[in-house]
Amino acid sequence: FVDEQNYMNLKIMRIIDELNPIYTYSSAQEEEGKEHLTLLCEEYNLCQKLVGLYDTSEACFHYQIHVCKGACIGQEPVKLYNARVHEAIGNYQFDRQNFFVIDNGRNDGESSVVKIENGKYIGFGYLSNELMSDDLTQMHDCIVCYKDNKEVRRIINTYIKKNKSKVVEY
């Protein structure tokens, strides 16, 4: 979320249907999420306070030891801080919200189809090349649903960036 000063904040919370989480964790406990946010703080020089790891109304601990650049107290320019947050979460988000990734299937006569809806992985399936058309109904119908998770999002994002797969928005 974006706070009153326009800084991007990250927060660990239970999944709510109306929200589209950037990242999901397998455990109901917060430890996995806290460990991940700690790594993101270190790797991308994010503020402990703005990622929910240091509860204070003042500067975060990292600012006191000259690791944080002061976003927690409004000293770091919003644009610079938010750019690092975008970079940190970039591997966990898709560039589009609703699309199919189409590539080779298990044999020459079919294509594989991966479905992303509202930025979430929905599932995948296979479709005969004869049934592939501009009518997306067949693509929707061939999908077998699977659970969205952090690893599958990372794999799909990496695959899209490295391969010449066809991406069809809907």
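We count residues from 1, following the sequence as given.
- Listed by chain and number, the residues in a side-chain hydrogen bond (donor to acceptor under 3.5 Å, both in side chains) with S165 are D103 (sequence neighbours excluded).
- By the side-chain contact (heavy atoms from CB on, under 4.5 Å) test, T137 is found to be paired with D135, D141, residues two or more places apart in sequence or in another chain being considered.
- For H140, the ring-ring contact (aromatic ring centres under 6.0 Å, His included) partners are F100, Y170, not counting sequence neighbours.
- Using a 4.5 Å heavy-atom cutoff, the side chains of D148 and R153 are in contact.
- Applying the salt bridge (Lys or Arg N to Asp or Glu O under 4.0 Å) definition to pairs two or more places apart or across chains, those involving residues 104-119 are R106-E110, K115-E117.
- The ring pair (Phe, Tyr, Trp, His ring centres under 6.0 Å) analysis of residues 30-82, with sequence neighbours excluded, yields the pairs Y7-Y81, Y23-H36, Y25-H36, H36-Y92.
- Every pair passing salt bridge (Lys or Arg N to Asp or Glu O under 4.0 Å) that includes a residue from residues 60-84 is listed here, sequence neighbours excluded: E76-R84.
- Remark: E130 engages no residue in a salt bridge (Lys or Arg N to Asp or Glu O under 4.0 Å) (not counting sequence neighbours).
- Judged as a salt bridge (Lys or Arg N to Asp or Glu O under 4.0 Å), the pairs with a partner in residues 161-170 (not counting sequence neighbours) are, in order, R96-E169.
- Checked against side-chain hydrogen bond (donor to acceptor under 3.5 Å, both in side chains), D3 has the following partners two or more places apart in sequence or in another chain: N9.
- Annotation for I155: hydrophobic cluster partners, listed by chain and number, are none (ILVMFWY side-chain heavy atoms under 4.5 Å, direct or chained).
- The stretch residues 37-52 participates, sequence neighbours left out, in no salt bridge (Lys or Arg N to Asp or Glu O under 4.0 Å) pair at all.
- Hydrophobic clustering, defined by side-chain heavy atoms of Ile, Leu, Val, Met, Phe, Trp and Tyr closer than 4.5 Å, groups V167 together with F94, F99, V101, V114, I116, Y121, F124, Y126, V144, Y146, V152, I156, I160.
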